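Being a predicted model, the structure only gives us computed values, none of them experimental.
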Amino acid sequence: MPLLFITFSHQFFLTLDKIALITTVNFVVQLVVDLLSAKLIDKIGYRVCILAAQSVCCGGFSCPDFYRSHTDATEKIIC
């Protein structure tokens, strides 16, 4: 049993069955996204996807305050 599962079970009061289900759903969603993105890349081309990925990455690194200001408000609502 991974150490992170034990941490999650104690911190969030989740059973190991629920943690295993979360991991399984995450894995299945990742496989579906990989298959769909492969079809999209074949349709629109590799160059467009590479340029879009670089642009999004650059935007994320250049605007960290935008993300931080929006997550603070979300944390106040959740907590």
Side-chain angles (χ1 to χ4, degrees):
M1 176 168 32
L3 185 59
L4 194 57
F5 281 17
I6 296 171
T7 303
F8 283 161
S9 68
H10 291 303
Q11 188 172 8
F12 299 113
F13 305 108
L14 296 172
T15 62
L16 292 177
D17 293 340
K18 288 183 181 178
I19 295 172
L21 180 64
I22 291 170
T23 304
T24 304
V25 169
N26 183 24
F27 182 71
V28 170
V29 167
Q30 183 64 49
L31 286 175
V32 170
V33 168
D34 288 346
L35 291 173
L36 293 175
S37 65
K39 291 184 185 279
L40 178 69
I41 288 171
D42 286 340
K43 187 175 182 178
I44 64 173
Y46 291 100
R47 183 181 174 108
V48 173
C49 293
I50 290 171
L51 291 174
Q54 291 295 323
S55 300
V56 170
C57 182
C58 181
F61 281 133
S62 64
C63 302
D65 291 333
F66 176 79
Y67 174 74
R68 191 176 306 126
S69 66
H70 284 68
T71 55
D72 291 341
T74 306
E75 289 175 359
K76 290 177 185 175
I77 293 169
I78 292 173
C79 298

> Taking atom CG of Leu16 and atom CG of Leu21, what is their separation to the nearest 0.5 Å?
Replying inline: 12.5 Å

> Will you find, in the side chains of Gln30 and Asn26, an N or O donor that is under 3.5 Å from an N or O acceptor?
Replying inline: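 No pair is found: no donor N or O on one side chain lies under 3.5 Å from an acceptor on the other.
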
> Any link between Leu14 and Val25 through a network of hydrophobic side chains (Ile, Leu, Val, Met, Phe, Trp, Tyr) touching at under 4.5 Å?
Replying inline: no

> Leu40, Val48: one ILVMFWY side-chain cluster at the under-4.5 Å cut-off?
Replying inline: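 The answer is yes; both residues are in one hydrophobic cluster.
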
> Minimum heavy-atom separation for Ile19 to Ser9, with atom names?
Replying inline: CD1-N, 3.7 Å

